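Working notes, beginning with the structure itself.
If you're wondering where the values come from, they're calculated on a predicted model, not measured in any experiment. In what follows, every chain begins at residue 1, and chains take the letters A, B, ... in the order their sequences are listed.
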Protein chains: 2
Amino acid sequence: MSGTSETRIAEIETTLRELATIVKRRGRELMYVFDITPPQFNALLTLSENGETTMGGLCERLHFACSTATDLVDRLERHGLVRRERDRGDRRVIRLRLLEQGERTFKSVLAAHRAYLERVLRGVSNEELEVLEHHLQRTCSLLHSCRIDTGMVKTMS
Amino acid sequence: MSGTSETRIAEIETTLRELATIVKRRGRELMYVFDITPPQFNALLTLSENGETTMGGLCERLHFACSTATDLVDRLERHGLVRRERDRGDRRVIRLRLLEQGERTFKSVLAAHRAYLERVLRGVSNEELEVLEHHLQRTCSLLHSCRIDTGMVKTMS
């Protein structure tokens with residue numbers, strides 16, 4: 001790797017970390033108004049996108065420990081956003097269903113996110129938005145397609 | 001807002017959320033190998049960049065509740081990464097100092113982050129990296145410069 005691209009990589013690393021932090025912070029600030037937390041929002045999102053899900057399926061999708069998911073679903077159920085239901089075929093399996101109030105909360109948070117982003121990007125031309133989106137998506141897929149090589153990291157630790 | 005840019009905003013919102021999630025996840029996976037958590041890494045980063053910091057200063061920079069910061073600093077101190085020291089001028093004030101082992105851990109994590117990103121971006125040309133970095137930075141500053149309008153969000157909740 002040449003000196004220039006080494007500096008470039010270091011800069012991109014810093015920027016990506018900063019970007020992830022500010023995106024997460026703005027999300028948390030916004031959800032706070034709706035009285036939900038980011039993991040709760042992610043659970044509602046998963047249920048809205050995938051329909052009914054088992055507890056195990058939810059843990060897997062959200063990379064949660066099962067104890068964390070139980071607490072989280074308890075709270076969502078208490079607030080009337082989701083409901084636990086026993087599977088008709090296999091009574092041992094518990095499925096989660098998004099209730100109307102949950103769908104409404106989820107959609108409001110999403111709309112508020114978009115309204116905020118619309119303000120953020122107001123001064124940006126359509127052409128630039130297109131290029132910007134392309135690069136954000138490209139970065140996203142590159143990161144998804146390349147896993148952490150634990151063995152290599154261990155030699156550095 | 002026209003239909004097209006409405007769709008565009010919705011897409012960018014999804015992509016930004018996904019990007020933040022994968023960046024945070026890869027960071028967590030990598031730090032796991034070094035036996036530290038992302039908030040612990042952020043504390044080391046703050047101390048490395050700003051030198052000695054008071055507990056209050058650390059909480060402010062990391063947007064932590066003070067009880068969270070106390071637990072976190074306890075753990076870092078137990079692992080020999082930082083040390084609490086009383087201020088010489090004002091004995092009531094506690095300052096945090098990054099120890100040699102802390103600086104070493106911090107630098108190793110950063111190097112591993114960069115090595116990972118170098119692998120991620122290996123197939124991307126220098127020209128494209130420049131454009132990509134520009135857009136990531138631009139998105140970052142736009143988000144930083146535009147706060148959540150809590151009043152507006154409340155009307156949507």
Among [options], which residue forms the greatest number of heavy-atom pairs with chain A at distances under 4.5 Å?
{"options": "B:H134, B:H63, B:Q137, B:E18", "answer": "B:H63"}
{"options": "B:A10, B:S108, B:S141", "answer": "B:A10"}
{"options": "B:E29, B:R122, B:H144, B:R104", "answer": "B:H144"}
{"options": "B:R26, B:K24, B:H113", "answer": "B:R26"}
{"options": "B:I22, B:D149, B:T15", "answer": "B:I22"}
{"options": "B:T150, B:D35, B:V124", "answer": "B:V124"}

With rounding to the nearest 0.5 angstrom, report the [atom1] to [atom2] distance, [X] to [Y].
{"X": "A:L132", "Y": "B:L16", "atom1": "CG", "atom2": "CG", "result": "8.0 Å"}
{"X": "A:R17", "Y": "B:C140", "atom1": "CZ", "atom2": "SG", "result": "11.0 Å"}
{"X": "B:R114", "Y": "A:I12", "atom1": "CZ", "atom2": "CD1", "result": "12.0 Å"}
{"X": "A:L129", "Y": "B:H135", "atom1": "CG", "atom2": "NE2", "result": "9.5 Å"}

On a heavy-atom basis, which atom in [X] and which in [Y] lie closest, and how many Å separate them?
{"X": "A:A112", "Y": "B:V153", "answer": "CB-CG1, 4.2 Å"}
{"X": "B:Y116", "Y": "A:R147", "answer": "CE1-O, 3.6 Å"}
{"X": "B:E13", "Y": "A:L110", "answer": "OE1-CD1, 3.8 Å"}
{"X": "B:M152", "Y": "A:A115", "answer": "CE-CB, 3.9 Å"}
{"X": "B:L117", "Y": "A:I9", "answer": "CD2-O, 3.9 Å"}
{"X": "A:L30", "Y": "B:I148", "answer": "CD1-CD1, 3.8 Å"}

Under a 4.5 Å side-chain heavy-atom rule over Ile, Leu, Val, Met, Phe, Trp and Tyr, are [X] and [Y] clustered together?
{"X": "B:L72", "Y": "B:L45", "answer": "yes"}
{"X": "B:F41", "Y": "B:F64", "answer": "yes"}
{"X": "B:L62", "Y": "B:L44", "answer": "yes"}
{"X": "B:V23", "Y": "B:F34", "answer": "yes"}

Quick check on [X]: does its [atom1] atom have over 12 non-hydrogen neighbours (other residues, nucleotides or ligands) under 6.0 Å away?
{"X": "A:R83", "atom1": "CZ", "value": "no"}
{"X": "B:E60", "atom1": "CD", "value": "no"}
{"X": "A:R84", "atom1": "CZ", "value": "yes"}

For B:T21, is it the side chain, the backbone, both or neither that has a heavy atom under 4.5 Å from a heavy atom of chain A? both
Heavy-atom proximity to chain A below 4.5 Å, by part of B:L121: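 For B:L121, the side chain is the part near chain A, not the backbone.
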Derivation of the side-chain contact (heavy atoms from CB on, under 4.5 Å) call for A:L19 and B:L143: CA-CA 8 Å; A:L19 183 59; B:L143 287 166; 3.8 Å; yes
Which portion of A:T105 sits near chain B, non-hydrogen atoms under 4.5 angstrom: neither
Which donor-acceptor pairs under 3.5 Å do the side chains of residues 50-59 of chain B make with protein atoms, sequence neighbours left out?
| unit_1 | atom_1 | unit_2 | atom_2 | d |
| --- | --- | --- | --- | --- |
| B:N50 | ND2 | B:T46 | O | 2.8 |
| B:T53 | OG1 | B:G51 | O | 2.9 |
| B:T54 | OG1 | B:G57 | N | 3.0 |

